[in-house]
S.K.: 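Below you will find the structure I want to go over with you.
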Amino acid sequence: MKKKIALVTGITGQDGSYLAELLLKKNYIVHGLIRKSSSFNTGRIDNIYIDPHNKTNFFLHYGDLTDSNSIYNLINNIRPDEIYNLGAQSHVGVSFENPEYTSEVSGIGTLRLLEAIRFLKIKKIKFYQASTSELFGETYKKNIFNEKSKFHPKSPYGVAKLYSYWITSVYREAYGIFACNGILFNHESPRRGETFVTRKITRFLTRKKLGSKDILYLGNLNAKRDWGHAKDYVEMQWRILQQKKPDDFVVATGQTQSVRQFIDTSVKLLNMKIKWQGKGLNEKCYLINKGKKELLIKIDKKYFRPNEVNYLKGDASKAFKKLKFKPKFSFKDLVRDMIINDLKLAQKEQK
Ligand code: NAP
Ligand code: F7E
């Protein structure tokens, strides 16, 4: 049987690396778009690249979501069956500092891919757009968001992704392209970027466990997120494109935890004892060790966003039913996976 060909943008990112592994396991030929960087940016996919078994089914191509020609030529050359658009300036906080660039990459980048598909008239292509719970943004009476909920993004990132959501839907309706949105809530893993809050916490606490003297600076501890595991969620990205008809799906766990609860869970798993004291910007967290109190976490204004999404919880009933979505990782499993990985990293660093 002829192997399916997939193109993955954002292949060097958290999701891209897990998705590439999954597709290779499913016998796909995988092409990834990577950007030129002054230092190595392939750390998450090096294991795939150096594996001799992948020599004839894994290929990387330089390009950029801001460069229409590179995208057009790549799609024309490889003529993929499936395109997963995971590439993005994906940091919400950074999007307030680089709103125009974020819009170019995370918004117009999607249009560039869809336009290439339209011009090239490659009918077989199925297109996946990495949409996000940041589309919902505003909280209406702490409700739980599904595919029918109202959108109200609260950051330049959210707005860029809203554009991508709608342009994907418009190209599906107008040109009959098999184009789908996966509206994914937060998902983390040992491969999560270290500037996202979960990984920032697990990296810090595991180093602390091994005796580091550092202090962690965080922003809003009360924000709540519906956190799942990236491994579970990339499986859903693939399943979304295996449906008979193109459609949009919310993928979430239906549980929500605060940043503070993420810290508490991590601390427990590490058998550490902490104490919170003070309020607001003056709140501090102390490590209690052999009766002694050591400063662990402080609040820094710079990590607050000009506009915050305070509460996110998703209703993935449609995905449960149609995609047979059944997350393997609970919240505690996720935190444990990250802690175990980061403890090993911290031990390596010590050596
Ligand atoms: P990530 O780790 O930040 O990865 C982003 C990827 O996009 C990286 O490979 C990055 O390349 C690439 N990229 C950035 N700018 C680019 C450009 N101008 N041209 C081409 N590629 C570019 O993100 P992730 O967590 O894997 O998320 C994957 C996708 O899902 C993103 O679109 C994100 O917005 C969306 N999403 C994520 C979550 C989540 O909780 N993780 C939830 C909902 C939606 P470098 O490695 O060179 O930086
Ligand atoms: O923040 C708060 C922060 O940056 C989570 C992206 O993958 O998921 C991600 O966006 C919460 C926010 O993720 C710090 O204010 C406190 O309320 O880990 P985060 P995010 O903004 O939810 C969505 C679904 C995406 O689509 C995005 O691409 O934690 N917070 N203190 C902090 N956040 C960070 N980064 N750093 C802190 O020090």
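These numbers come from a predicted model, not from an experiment.
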S.K.: Write down the atom of K148, the atom of N146, and the distance for their closest heavy-atom approach.
M.R.: N-OD1, 2.8 Å
S.K.: Locate the shortest heavy-atom distance separating I29 from F59; write the atom from each residue and the value.
M.R.: CG2-CE1, 3.9 Å
S.K.: Looking at K25 and E21, does any basic side-chain N land under 4.0 Å from a carboxylate oxygen?
M.R.: no
S.K.: Could you tell me which non-hydrogen atom of T110 sits nearest to which non-hydrogen atom of S164, and how far apart they are?
M.R.: OG1-OG, 2.6 Å
S.K.: Check R260 with E283, please: is the shortest side-chain N to carboxylate O separation under 4.0 Å?
M.R.: yes
S.K.: If you take the centroid of each ring, where Trp contributes its six-membered ring, are F151 and Y165 closer together than 6.0 Å?
M.R.: yes
S.K.: Is T256 reaching over with its side chain to a backbone N or O of R225, donor-acceptor style, under 3.5 angstrom?
M.R.: yes
S.K.: Which heavy-atom pair separates R192 from R199 by the least distance, and what is that distance?
M.R.: O-NH1, 2.9 Å
S.K.: Does the distance from a Lys or Arg side-chain N to an Asp or Glu carboxylate O, for R112 and E115, drop under 4.0 Å?
M.R.: no
S.K.: Can any side-chain N or O of T42 pair as donor or acceptor with the backbone N or O of I45 at less than 3.5 Å?
M.R.: no
S.K.: Using atom types as modelled and distance alone, determine if a side-chain donor or acceptor of N186 lies under 3.5 Å from a backbone N or O of W227.
M.R.: no
S.K.: Under 6.0 Å between the ring centres of F196 and H91?
M.R.: yes
S.K.: Among I75, L74, L33, whose side chain to side chain contact (heavy atoms under 4.5 Å, CB included) with L113 holds?
M.R.: I75
S.K.: Begin with the C-alpha distance, continue with both residues' side-chain angles, and end with the deciding distance and a verdict on ring-ring contact (aromatic ring centres under 6.0 Å, His included) for H229 and H187.
M.R.: CA-CA 5 Å; H229 198 297; H187 45 281; 9.4 Å; no
S.K.: Where the side chain of T253 meets the backbone of G228, is there a donor-acceptor pair that is under 3.5 Å apart?
M.R.: no
S.K.: Could you tell me whether K208 and E294 make a salt bridge, using a distance below 4.0 angstrom between a side-chain N and a carboxylate O?
M.R.: yes
S.K.: Can R203 and E349 be counted as an ion pair, charged N to O under 4.0 angstrom?
M.R.: yes
S.K.: Using the rule salt bridge (charged side-chain N to carboxylate O under 4.0 Å, His left out), only one of K4, K3, K126, K124 pairs with E82; which is it?
M.R.: K4
